[in-house]
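Some notes on the structure that comes next.
Worth saying up front: this structure is predicted, and the values here are computed from it rather than measured.
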Amino acid sequence: KWNNERYILYKQAYDDITIYLESVTFGAVGGSAISARHGGKVFVEGDITITGNCATFFSAYRNGAIYNIANSTTLSGTREFTTFAKAETNSYIQYGGSITGSATGKRYIVTGNSVINALGAGVTYFPGDVEGTTATGGQYL
């Protein structure tokens with residue numbers, strides 16, 4: 001469990017590992033800031049601040065899962081992402097709570113029978129200036 005810390009690098013959960021994040025600040029990252037792959041899970045249990053740019057902020061791949069129910073996410077300045085949230089190959093992202101700040105890039109990509117559940121917040125919930133896409137069985141709720 002990580003809390004009240006400042007991270008410059010990413011947090012990844014692989015191979016059925018579970019990570020719990022509390023009140024974390026993310027700087028610039030070359031790839032994905034928060035990643036869950038191959039059955040890994042990430043639970044966001046505190047507020048997130050994003051102070052740097054990255055390719056993808058949330059990435060769930062091959063049965064990975066990322067959960068945040070009611071915490072806030074704050075983008076400091078206008079952030080740049082290729083894609084803010086990406087779920088591929090039977091993965092799941094459930095994200096609620098407030099998101100403040102602006103960003104450029106695609107809001108989300110959902111493919112390969114994966115689901116991004118924004119808890120009814122709508123297709124403009126995630127930050128970005130390019131609308132999100134779904135393909136090959138992907139669902140955005």
Residues that Thr136 engages under side chain to side chain donor-acceptor pair (under 3.5 Å), provided they are two or more places apart
none
For residues Gln94 and Tyr92, is any side-chain donor paired with an opposing acceptor at under 3.5 Å?
yes
Reported CD-to-OG distance for the pair Glu45 and Ser23, which is rounded to 0.5 angstrom:
10.0 Å
Which heavy atom of Ile99 sits nearest a heavy atom of Pro127, and at what distance?
CG2-CD, 3.9 Å
Do the side chain of Ser114 and the main chain of Thr89 share a donor and acceptor less than 3.5 angstrom apart?
yes
Rounded distance [0.5 Å steps], OG1 in Thr74 versus CZ in Arg79
12.5 Å
Kindly work out whether a path of hydrophobic side-chain contacts (I/L/V/M/F/W/Y, heavy atoms less than 4.5 Å apart) joins Leu141 to Tyr67.
yes
Full working for side chain to side chain donor-acceptor pair (under 3.5 Å) between Asp47 and Ser72:
CA-CA 5 Å; Asp47 298 336; Ser72 70; 3.1 Å; yes
Could you pull out all residues at least two apart from Phe126 that satisfy ring-ring contact (aromatic ring centres under 6.0 Å, His included)?
Phe84
What distance do Ile19 atom CD1 and Lys41 atom NZ have between them, rounded to the nearest 0.5 Å?
12.0 Å
Looking only at heavy atoms, what is the nearest atom pair of Thr56 and Phe58, with distance?
CG2-O, 3.1 Å
Quick one: pull up CZ in Phe57 and CG in Leu75 and give me the separation to the nearest 0.5 Å.
8.0 Å
CD1/Ile116 to OH/Tyr140 distance, rounded to the nearest 0.5 angstrom?
7.0 Å
Heavy-atom donor-acceptor pair, Ser91 side chain to Arg62 backbone, under 3.5 Å
yes
Run the side chain to side chain donor-acceptor pair (under 3.5 Å) check on Ser76 and Thr51 step by step: do they pass?
CA-CA 5 Å; Ser76 174; Thr51 62; over 6 Å; no
Looking at Ala87 and Ile93, what are the two nearest heavy atoms and their distance?
CB-CD1, 4.2 Å
Between Thr100 and Thr73, is the side-chain contact (heavy atoms from CB on, under 4.5 Å) condition met? List the steps.
CA-CA 6 Å; Thr100 56; Thr73 300; over 6 Å; no
Determine whether a donor-acceptor pair (N or O, by modelled atom type, separation under 3.5 Å) exists between the side chain of Arg107 and the backbone of Gly128.
yes
Specify whether Tyr95 and Tyr125 have parallel, tilted or perpendicular ring planes, treating 30° as the upper limit for parallel and 60° as the lower limit for perpendicular.
tilted
Working to the nearest 0.5 Å, report the span between CZ of Phe81 and NZ of Lys86.
13.5 Å
Would you say the side-chain atoms of Asn53 pair up with the backbone N or O of Glu80, donor to acceptor, closer than 3.5 Å?
yes
Identify the two heavy atoms, one from Asn68 and one from Val44, that lie closest to each other, and give their separation to 0.1 Å.
OD1-O, 3.4 Å
Non-hydrogen atoms of Ile66 and Ile34 that approach each other most closely:
CD1-O, 3.9 Å
Would Thr133 and Lys106 count as having a side-chain donor-acceptor pair, cut-off 3.5 Å?
yes
